[in-house]
Amino acid sequence: MVTLSESRVRRSEFAIDVRGLNKYFGKKHVVNNLSLQVRPGEIFGFLGPNGSGKTTSIRLMCGLLTPDSGSGTCLGYDIISESDAIKRSVGYMTQRFSFWEDLSIRENLDFVARVYQMPDRKTSVESALTNLGLKERANQLAGTLSGGWKQRLALAACMLHQPTLLLLDEPTAGVDPAARRDFWEELHRLAAQGISVLVSTHYMDEAERCHKLAYISHGALLAQGTAQEIVEAQHLFTWAIKGKMTDESLTQLSDVLANKAGVLQTAAFGNALHVTGRDPVVLEKTLRETLAELPHEMARTETSLEDVFIHLMRTAQGKKQ
Amino acid sequence: MNRRPSLFAFSAARCWGVVLKEFLQLKRDRVTFAMIVGMPVMMLILFGYAINMDPKHLKTMLIDADRSEFSRSFIMAMHNTAYFDFVGELRNEAEGEAALARGDAQFVVNIPSDFSRRLVRGERPVVLIVADATDPAAASNAIGAVTRLAESVAWKDLGGALTRLSGSAPLFDVQVHRRYNPEGITQYNIVPGLMGIILTMTMVMMTGLAMTRERERGTMENLLATPVRPLEVLTGKIVPYIFIGLIQATIILVAAITLFNVPFVGSVVELYAVLLVYIAAALTVGITISSLARNQLQGVQMTFFFFLPNVLMSGFVFPFYGMPYWAQVIAHALPMTYFNRLVRGIMLKGNDWLDLWPNLWPLMLFTMILMGIALKFYRRTLD
């Protein structure tokens with residue numbers, strides 16, 4: 001089955017290829033004309049504010065929801081007519097932990113293996129336990145696990161049937177940094193084996209670990225590409241202002257700058273204030289004028305992904321209102 | 001200084017905050033709200049209008065071999081007690097037995113061919129009344145009324161020719177045979193009926209919660225994302241409860257026979273076949289509930305909303321024919337009505353398949369209809 005789906009992936013070139021997807025919940029336009037392509041072996045980051053339609057988009061792509069319009073393929077299977085085949089070859093990890101808390105880790109995995117009709121069930125379960133370091137806890141009830149272990153179990157379970165595409169919906173929410181790092185290393189190992197990953201996240205460090213990113217807001221795709229491409233495409237310029245300033249004065253400064261010419265947004269990063277604008281000349285002039293009497297250090301800095309996303313989010317909100 | 005709050009410290013304002021929160025949540029939960037209003041209304045209607053401990057107009061069939069003026073006036077007198085409604089005439093005792101076994105009649109009145117002849121001779125003939133006494137409470141008042149009849153029948157009906165016979169002693173005897181439960185032991189009726197109660201309770205509630213639990217805990221999405229099909233999930237969820245139901249029924253059956261000495265005259269195979277059909281019916285109700293209920297609390301409430309009329313109207317505790325006609329119509333839509341008749345029919349009457357069939361097919365129909373509804377509501381996708 002794996003080889004079959006691999007051949008189909010090659011034929012369709014993309015692991016995910018959807019075009020013009022729309023989905024309404026009542027009058028709410030949750031997914032708005034979404035098109036995106038994920039290549040095999042690619043880790044594709046899916047970003048956007050809460051309620052922007054990420055989860056719905058993922059559910060559309062794996063056949064759990066039917067789009068109101070649009071079309072596409074997932075692993076070469078049609079997302080509308082072949083959702084059964086998609087379910088068999090995709091690993092979907094839900095946003096909320098959705099395994100059975102009153103079953104042990106092994107029992108959970110065993111159930112999943114049965115549902116996917118794994119030919120060599122026992123071996124698959126044991127090797128999944130070993131691979132993800134769940135062996136010692138195999139008989140522990142899933143409900144008693146901490147966040148990081150639950151997430152490991154969820155990943156093990158959705159990898160069990162050896163899918164060639166993983167759809168992960170905010171897999172690391174509420175997981176500590178060390179566990180997150182382990183998780184991402186695992187994802188990169190899987191990607192190196194040719195498995196495609198679509199992962200939604202709110203963490204910027206995770207976004208930067210993705211090969212490619214898409215930013216979605218109000219159900220519409222606002223930017224797509226590598227992290228660098230997305231940053232460059234917005235043509236934003238950022239200065240970092242440091243100095244012997246207290247938090248209070250930093251906040252005051254931020255308020256003062258907010259409405260000045262050339263300033264798009266300000267954001268506090270520890271002791272520094274990042275000021276972002278579109279026109280470098282106007283922005284620099286504004287900054288020099290405002291800061292003339294204050295003791296400060298001012299330096300050009302790279303516009304971060306977060307600056308860009310906050311900018312995208314605000315522009316989208318502005319358009320909406 | 002570390003002041004520990006006293007155990008008895010009570011802030012009315014804080015408490016009021018909790019009260020308001022509860023009301024807000026209650027307002028959002030439409031099903032609970034409907035139950036708060038619906039339950040008392042349902043109970044009022046059932047206890048106030050439907051339930052009647054003194055059932056009248058019971059189905060009675062007649063074997064009148066005499067066909068005389070006397071037999072007719074006796075029948076009229078029976079009819080006038082309001083306990084008996086004559087719904088048909090039969091030719092012989094065998095037909096009478098069959099009618100009782102099927103539950104077509106609760107009483108069979110047998111007037112012998114020499115009734116009027118012996119009456120005229122003053123030989124005190126006997127009218128035989130065979131009563132279905134599986135539910136002793138349902139039959140007792142009617143039996144009481146008919147035995148008094150012999151003493152009080154207005155002998156003016158019998159005409160002047162017989163006035164010489166009228167004395168203190170009755171002119172004829174009424175002999176009542178209580179079939180199936182001659183001693184009128186309540187347990188004979190209640191214990192087999194308990195099977196229906198226990199099965200309804202467990203089957204409906206357990207399956208009602210089984211699916212709702214998946215939804216409430218968020219594991220439903222996971223199930224939907226796997227290749228498992230709706231019918232596989234439904235069947236998989238049902239099978240364990242079929243076993244549980246059979247075990248429960250067996251416990252009651254063993255207890256009925258060993259502890260309560262309830263007779264078992266029918267076939268065990270028949271009983272278990274009927275049990276399976278009823279378990280299926282109850283399970284489909286549970287599945288329908290679990291597709292409708294949004295959370296487990298609603299599931300429990302819906303279970304009770306189904307359970308109560310079944311207990312009260314099926315003839316389990318209160319006599320079925322004591323209820324007004326409209327209530328009987330409603331009760332004929334409830335699976336436990338049929339199940340009670342089937343179980344009593346097998347255990348006490350020794351019914352065969354032909355006798356069982358009139359109460360068996362409605363159960364099967366009920367199951368199929370609800371299965372359709374349940375499958376329609378179970379959603380494959382999340383939208």
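So you know, we letter chains A, B, ... as the sequences are listed, proteins then strands, and number each from 1. Because only heavy atoms are used, hydrogens play no part in the values below, and waters and symmetry mates are left out as well, while side chains stay in.
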| field | Minimum side-chain heavy-atom gap Pro227(B)-Val115(A) below 4.5 Å | value | yes
In Arg96(A), Gln95(A), Arg59(A), the residue satisfying side chain to side chain contact (heavy atoms under 4.5 Å, CB included) with Glu221(B) is Arg59(A)
### Query
Is there a side chain to side chain contact (heavy atoms under 4.5 Å, CB included) between Trp100(A) and Glu214(B) once you walk through the steps?
CA-CA 9 Å; Trp100(A) 290 268; Glu214(B) 301 274 359; 2.8 Å; yes
If we ignore hydrogens and angles and just use 3.5 Å, is the side chain of Lys87(A) paired with the main-chain N or O of Leu224(B) as donor and acceptor? yes
So, the part of Glu232(B) with a heavy atom under 4.5 Å from chain A: the answer is neither
Applying a strict 4.5 Å limit to non-hydrogen atoms, the region of Phe111(A) in contact with chain B is side chain
For Gly218(B) and Ser98(A) the tightest heavy-atom approach is O-CB, 3.1 Å
### Query
So do the side chains of Phe99(A) and Asn222(B) get within less than 4.5 Å of each other, counting heavy atoms only?
yes
side-chain hydrogen bond (donor to acceptor under 3.5 Å, both in side chains) filter on Ser146(A), not counting sequence neighbours, yields none
By salt bridge (charged side-chain N to carboxylate O under 4.0 Å, His left out), Arg30(B) pairs with (sequence neighbours left out) none
Exercise for the section: List the steps and the verdict of side chain to side chain contact (heavy atoms under 4.5 Å, CB included) for Thr226(B) and Tyr116(A). Expected result: CA-CA 7 Å; Thr226(B) 68; Tyr116(A) 281 95; 3.9 Å; yes
More than 12 heavy atoms of other residues, nucleotides or ligands under 6.0 Å from NZ of Lys135(A): yes or no?
yes
Charged N-O contact under 4.0 Å between Arg213(B) and Asp102(A):
no
